[in-house]
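Only one structure is covered here, and it is reproduced in the block below.
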Amino acid sequence: MALAKLGVVVLDCPDPRALAGFYAEVLGGTVKGEGDWVDLKVPGGPALAFQRAPGHVPPKWPAGDASQQFHLDLAVEDLDAAEKGVLALGAKPLAEQGGSSFRVYADPAGHPFCLCAC
């Protein structure tokens, strides 16, 4: 049984609105939001979000020293149960936990992801 379902793919970037506009042109969809977080609702596909990252360094491909950057927001019904599950699988907390809407972890390879209450 799966612990979570994919909620949204989040891309860090210097200008969330501009990057959301680019992907809206490429994929279609509706851009919503301003400022540090912008959503793109894609018809028939997973949602994308764009988060402002000051000092963002674009990934280089292919390059082992500057790999592609992203984090996953995973939608869960029960944050406490999902937290127990991901910790048992080798995740490590990246921030103080116990929040009611989301919690932040690193996967076993160090990539960040969030468990988000749905």
Short N-O contact, Arg103 and Asp80, less than 4.0 angstrom: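 Counted as a salt bridge, because a side-chain N and a carboxylate O are separated by less than 4.0 Å.
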Can you give me the closest heavy-atom contact between [X] and [Y], atom names plus distance?
X: Pro16; Y: Val38; answer: CB-CG2, 3.7 Å
X: Phe113; Y: Ala106; answer: CE2-C, 3.8 Å
X: Val8; Y: Ala47; answer: CG2-O, 3.3 Å
X: Leu89; Y: Pro108; answer: O-CG, 4.0 Å
X: Ser100; Y: Ala117; answer: O-CB, 3.8 Å

For the [atom1] atom of [X] and the [atom2] atom of [Y], what is their distance to the nearest 0.5 Å?
X: Leu40; Y: Phe22; atom1: CG; atom2: CZ; value: 11.5 Å
X: Asp12; Y: His56; atom1: CG; atom2: NE2; value: 7.0 Å
X: Cys114; Y: Leu74; atom1: SG; atom2: CG; value: 8.0 Å

Checking side-chain contact (heavy atoms from CB on, under 4.5 Å) for the pair Arg17/Glu34: CA distance, chi angles, key distance, verdict? CA-CA 6 Å; Arg17 186 76 182 181; Glu34 294 289 335; 3.5 Å; yes
Student check: side-chain heavy atoms of [X] and [Y] closer than 4.5 Å:
X: Asp39; Y: Leu48; value: no
X: Leu87; Y: Pro93; value: yes
X: Leu72; Y: Leu6; value: yes
X: Val86; Y: Leu115; value: yes
X: Asp73; Y: Phe102; value: no

Go through the structure and list residues passing ring-ring contact (aromatic ring centres under 6.0 Å, His included) with Tyr23, not counting sequence neighbours.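 For Tyr23, the residues satisfying ring-ring contact (aromatic ring centres under 6.0 Å, His included) (neighbours in sequence not counted) are Phe50.
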Are the side chain of Arg52 and the backbone of Pro14 linked by a donor-acceptor contact shorter than 3.5 Å?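 Yes; at least one donor-acceptor contact below 3.5 Å.
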Can Glu77 and Cys118 be said to form a side-chain contact (heavy atoms from CB on, under 4.5 Å), step by step? CA-CA 6 Å; Glu77 296 286 331; Cys118 59; 3.5 Å; yes
